[in-house]
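Quick notes on the structure that follows.
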Amino acid sequence: MTTIRRFCCNDLLRFASVNLDHLTETFNMSFYMTYLARWPDYFHVAEGPGHRIMGYIMGKVEGQGESWHGHVTAVTVAPEYRRQQLAKKLMNLLEDISDKIDKAYFVDLFVRASNTPAIKMYEKLEYVIYRRVLRYYSGEEDGLDMRKALSRDVEKKSIIPLKRPVTPDELEYD
């Protein structure tokens with residue numbers, strides 16, 4: 001049986017195997033600790049039998065006005081646990097928190113333009129490609145900024161695609 005629960009400090013020592021996928025962005029310990037301290041509602045693990053970490057999601061809420069949004073910083077599932085809808089469950093949890101608790105207008109995420117399986121999964125979850133970010137990943141590979149409108153964005157303004165690509169220095173950071 002799979003349990004989805006909040007991420008805790010001890011999980012930092014137990015989730016390395018989930019990060020072995022070459023498409024998963026990995027960060028240093030202080031980065032994970034910052035998310036855990038600042039946005040604990042947005043950091044969850046899927047745990048299986050024997051307390052084995054199957055996957056996790058890490059995110060935050062940021063922006064101002066109609067740009068107030070939930071952000072998926074990382075979502076990954078270990079290869080042996082894929083195709084069980086774990087990523088979908090983790091994404092739905094982050095979306096619900098963004099929508100119902102933080103009253104965000106949308107949720108966004110960045111994905112490598114070459115990561116076709118992830119892009120297809122996000123599209124099934126009703127995300128749209130909002131814009132292409134040139135050389136977003138290590139200054140080499142383009143990223144896609146994908147968004148899903150939440151209930152507060154009645155007119156779905158947040159997901160109207162931009163007509164031109166942007167560069168990383170054009171992105172707004174809070």
Side-chain angles (χ1 to χ4, degrees), residues 1-63 68-128 136-138 141 143-152 173-174:
M1 184 171 132
T2 303
T3 302
I4 294 179
R5 61 165 177 78
R6 272 195 178 177
F7 198 93
C8 65
C9 286
N10 290 341
D11 294 326
L12 289 168
L13 306 173
R14 303 175 47 234
F15 80 138
S17 63
V18 178
N19 279 344
L20 294 177
D21 177 22
H22 71 286
L23 293 172
T24 298
E25 291 292 314
T26 55
F27 307 98
N28 60 41
M29 285 293 182
S30 64
F31 187 87
Y32 292 108
M33 289 297 291
T34 298
Y35 271 74
L36 189 56
R38 290 191 63 189
W39 302 284
D41 291 344
Y42 285 79
F43 206 165
H44 288 82
V45 295
E47 189 175 64
H51 302 289
R52 185 138 181 202
I53 294 180
M54 304 162 75
Y56 68 90
I57 192 164
M58 175 175 69
K60 61 185 174 179
V61 63
E62 62 184 354
W68 180 245
H69 67 282
H71 174 73
V72 178
T73 303
V75 59
T76 190
V77 174
E80 63 270 28
Y81 298 113
R82 292 185 183 154
R83 306 238 178 255
Q84 296 179 33
Q85 308 231 335
L86 288 176
K88 177 182 178 179
K89 289 174 184 166
L90 291 166
M91 291 290 292
N92 288 341
L93 178 60
L94 187 140
E95 291 164 12
D96 284 346
I97 292 165
S98 298
D99 191 34
K100 295 178 176 73
I101 296 173
D102 287 315
K103 308 290 189 220
Y105 285 87
F106 62 94
V107 171
D108 78 344
L109 57 88
F110 291 89
V111 61
R112 291 178 182 274
S114 64
N115 192 347
T116 305
I119 294 165
K120 286 182 179 175
M121 180 194 73
Y122 297 134
E123 288 174 339
K124 283 182 186 172
L125 296 174
E126 301 175 24
Y127 283 76
V128 299
Y136 180 75
Y137 288 98
S138 304
E141 184 175 357
L144 300 178
D145 178 354
M146 298 187 75
R147 293 184 176 188
K148 180 177 183 175
L150 299 176
S151 62
R152 189 168 180 191
Y173 292 101
D174 296 358

Taking ring pair (Phe, Tyr, Trp, His ring centres under 6.0 Å) as the definition, give me every residue that meets it alongside [X], ordered by chain and number, with sequence neighbours left out.
X	answer
Tyr35	Phe31, Trp39
Tyr105	none
Tyr81	none

Problem - From CA spacing to verdict: side chain to side chain contact (heavy atoms under 4.5 Å, CB included), Val18, Tyr56 - result: CA-CA 8 Å; Val18 178; Tyr56 68 90; 4.0 Å; yes
Measure the [atom1]-[atom2] distance between [X] and [Y] for me, rounded to the nearest 0.5 Å.
X	Y	atom1	atom2	answer
His71	Met58	NE2	CE	8.5 Å
Ile4	Glu47	CD1	CD	11.0 Å
Gln84	Met54	CD	CE	5.0 Å
Leu86	Ile57	CG	CD1	11.5 Å
Met33	Arg38	CE	CZ	14.0 Å
Leu90	His44	CG	NE2	8.5 Å

Which pair of non-hydrogen atoms, one from [X] and one from [Y], has the smallest distance, and what is that distance?
X	Y	result
Thr2	Ala46	CG2-CB, 4.1 Å
Ser98	Leu150	CB-CD1, 3.7 Å
Gly63	Trp68	O-CE3, 3.0 Å

Listed pairs under 3.5 Å, donor-acceptor, residues 118-127 side chains, sequence neighbours left out:
from   : atom 1 : to    : atom 2 : distance (Å)
Tyr127 : OH     : Glu95 : OE2    : 2.8

Would you say the side-chain atoms of [X] pair up with the backbone N or O of [Y], donor to acceptor, closer than 3.5 Å?
X	Y	answer
Asp102	Ala104	no
Asp145	Asp108	no
Asp11	Cys8	yes

Handout entry: Residues Tyr137 and Asn115: side-chain donor-acceptor under 3.5 angstrom
Key = no
Practice task
Take Tyr32 and Phe7 through the test ring pair (Phe, Tyr, Trp, His ring centres under 6.0 Å) and record every step on the way to the result.
Solution key: CA-CA 10 Å; Tyr32 292 108; Phe7 198 93; 7.2 Å; no
Problem - Partner residues of Glu141 under the salt bridge (charged side-chain N to carboxylate O under 4.0 Å, His left out) criterion, sequence neighbours left out - result: Arg112
Handout entry: Pairs where residues 77-94 contributes a residue and the test salt bridge (Lys or Arg N to Asp or Glu O under 4.0 Å) is met, not counting sequence neighbours
Key = Asp21-Arg82, Arg52-Glu80
